[in-house]
Amino acid sequence: MKILSIETSCDETAISILETKNNLRYRGDVSFRVLANNVASQVKIHAPYGGVYPMLAKREHIKNLPILLGKVLKKVKIIVRQDLTTKPVDLIAVTSGPGLEPALWAGIVFAKELAKKWSCPLVPVNHMEGHILSVFGKQKGKFIIQKIKFPTIALLISGGHTELVLVKENMNYKVIGETLDDAAGEAFDKVARMLGLPYPGGPEISRLAEKIRTRTSLNALAQEYPASQRHHSQKHISSVENPGIGKQRSQGFGFSLSLPRPMLHTKNFDFSFSGLKTAVLYLIKKIGKLDEKIKAKIAMEFENAVIETLIHKTQKAVEKYKIKTLIVAGGVSANKYLRKEIKKNIKIKILFPEKGLATDNSIMIGIAGYLQYIKNKGKVKRIRNIKATGNLRL
Ligand code: KG4
Ligand code: ZN
């Protein structure tokens, strides 16, 4: 069975063709082969706005979709015959939410046209389920959906979401905590903008932070700014609830660059990142002119604060629900330091997506679409009932 999958929820237009030999049987492992995979990123187009502009994203998706389809069909050497006697694929999967509605509609309208033309079943996919399943995917070659030990939890960290999801057997999900305001990726993007770094900000902040992390050890800092000198001139700008991760505190500027770790001690599993973002804003105002070194130190302290908060809450959830497998996915899961710290602090089986599948892609949509299809034993929604839902929940 060949599955064509389409992703247009944000600023990546992506189309893939996966093949599985399992057809409708769901016995044990499900294996896939990537026949073609293509992504067109709109990052450069949105960069001047410092974020994604929905109508512009929609326009670009509409422009990119037929081009990408042509490429993937060519790669797979599928010739779409005008008489339509042969269906080029057996199933189409398309992201139906959550995401930017105009952008989602571009993919859905395109998928509906193909499904009608090819008389092919169409499965709407929840983008966040796609992120969860992205940990099993590969960009090339073969892969299998591994058996995992339950209970499982997924920490989903992207540009639009930050949530802890209890993953139960048979693809059932329960959100047990989420951000009350900004998503982690959104905070990365906004703080990057404050520091004059380009969009998307996550990789930029991470690059800057890593530079200073590897260059500066606590010892080196102590030598540069002796403790006595530091002690007398230190003023705290904001309180640190429980500094742990990133013990290299950013000091030596006449005041502390410490940032808060939001909601660290609340009993629930919710997050909040807007206060942290505001704390960065005040810090920048207080400092005045930012040189490269201060920027890097703020980036490091901000990254430490986000990572520490994410790990703390995830650890609590792992303990409470006696979790055996942790899935960490979504764009922010590409962050190397986050991966390192999670592995260091949470001692259970952890699955991350491979490089290239942490950020938005259509491989994960193909996996989720096919698994939903077999879960529902081949029953699909009527094409006309498939619609974009910007705030679709798991
Ligand atoms: O999952 P994704 O591609 O799109 C959404 O579904 O939102 O996530 C994009 C987000 C952006 O906010 C981007 O800044 C962030 O993921 N991101 C990172 C890194 N790479 C991407 N954040 C931190 N560190 C990274 N290395
Ligand atoms: Zn995403």
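Just so we're clear, the structure is a prediction, and the values are computed from it rather than from any experiment. Remember, it's 1-based here, ligands and their atoms both numbered in the order they're listed.
Using modelled atom types, one finds no donor on one side chain facing an acceptor on the other under 3.5 Å when comparing Asn64 with Arg59. Side-chain contact of Asn126 with Gln372: a donor-acceptor pair under 3.5 Å is absent, judged by distance alone.
The Gly185 neighbourhood of ligand 1 comprises atoms 12 (O), with distances under 4.0 Å to a heavy atom of that residue. Close contacts of ligand 1 with His131, meaning ligand atoms under 4.0 Å from a residue heavy atom, involve 1 (O), 6 (O). Contact atoms of ligand 1 toward Gly160: 7 (O) (distance under 4.0 Å to a heavy atom of the residue). Atoms of ligand 1 lying under 4.0 Å from any heavy atom of Gly331, numbered from 1 in the order shown and given with element: 1 (O), 2 (P), 8 (O), 16 (O), 17 (N), 18 (C), 19 (C), 20 (N), 21 (C). Numbered from 1 in the order shown, with element, the atoms of ligand 1 that lie under 4.0 Å from a heavy atom of Thr359 read 3 (O). Listed by number with element, the atoms of ligand 1 under 4.0 angstrom from any heavy atom of His127 are 6 (O). Proximity to Ser158 (heavy-atom distance under 4.0 Å) selects the following atoms of ligand 1: 1 (O), 5 (C), 6 (O), 7 (O), 8 (O). Each of the atoms 5 (C), 7 (O), 8 (O), 9 (C), 10 (C), 12 (O) of ligand 1 lies under 4.0 Å from some heavy atom of Gly159.
For the ligand labelled ligand 1, residue Glu303 lies outside the 4.0 Å heavy-atom shell. Residue contacts with ligand 1: Cys10 is excluded, as none of its non-hydrogen atoms falls under 4.0 Å.
Ranked by closest heavy atom to atom 13 (C) of ligand 1, the top entry among Asp189, Val306, Leu338 is Asp189.
The side chain to side chain contact (heavy atoms under 4.5 Å, CB included) search around Val125 returns Ala93, Ile365, Ala368, not counting sequence neighbours. Partners of Ser272 according to the side chain to side chain donor-acceptor pair (under 3.5 Å) rule, which considers only residues two or more places apart in sequence or in another chain, are Asp181.
A cation-pi contact, defined as under 6.0 Å to the ring centre and within 45° of the axis, is absent between Arg193 and Tyr199.
Residues Ile3 and Phe32 are in side-chain contact: their nearest non-hydrogen atoms beyond the backbone lie under 4.5 Å apart. Looking at Glu210 and Lys336, their side chains never come closer than 4.5 Å, going by heavy atoms from C-beta outward.
Not one N or O of Gly330 is nearer than 3.5 Å to an N or O of ligand 1, by distance alone. Below 3.5 Å of separation, one finds an N or O of Asp360 facing an N or O of ligand 1. No N or O atom of Phe188 sits closer than 3.5 Å to an N or O atom of ligand 1.
Contact annotation: for His161 versus ligand 1, there are no heavy atoms closer than 4.0 Å. Residue contacts with ligand 1 for Glu12 are absent, since no atom lies close enough (heavy atoms, distance under 4.0 Å).
Proximity of a side-chain donor or acceptor of Asn172 to a complementary backbone N or O of Lys168 within less than 3.5 Å is not detected. Of the possible donor and acceptor atoms, none in the side chain of Thr162 sits under 3.5 Å from a partner among the backbone N and O of Thr179. Under a 3.5 Å cut-off, the side chain of Ser206 and the backbone N or O of Gly202 do not form any donor-acceptor pair.
With waters neither drawn nor counted, the protein N/O/S atoms under 2.8 Å from the Zn ion (ligand 2) amount to 3.
The nearest protein atom to atom 22 (N) of ligand 1, hydrogens excluded, is given as Gly202 CA, 3.3 Å; this is a heavy-atom distance. Atom 24 (N) of ligand 1 has Asn335 ND2, 3.0 Å as its closest protein atom, hydrogens excluded (heavy atom only).
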For residues 34-44, dump all side-chain donor-acceptor pairs below 3.5 Å to protein atoms at least two apart in sequence or in another chain.
| unit_1 | atom_1 | unit_2 | atom_2 | d |
| --- | --- | --- | --- | --- |
| Asn37 | OD1 | Ser16 | OG | 3.1 |
| Ser41 | OG | Glu12 | OE1 | 3.4 |
| Ser41 | OG | Val43 | N | 3.2 |
| Gln42 | OE1 | His46 | NE2 | 2.7 |
| Gln42 | NE2 | Ala57 | O | 3.3 |
| Gln42 | NE2 | His61 | ND1 | 3.3 |

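Using bins of under 30°, 30° to 60° and over 60° for the plane-to-plane angle, the ring pair His131/His127 lands in the perpendicular bin. Relative orientation of the Phe269 and Tyr321 rings is tilted, given thresholds of 30° and 60° on the angle between their planes.
With respect to Arg261 and Glu301, a salt bridge is recorded, a charged nitrogen being found less than 4.0 Å from a carboxylate O. A salt bridge is absent between Arg207 and Glu303: the closest approach of a Lys/Arg side-chain nitrogen to an acidic carboxylate oxygen does not fall below 4.0 angstrom.
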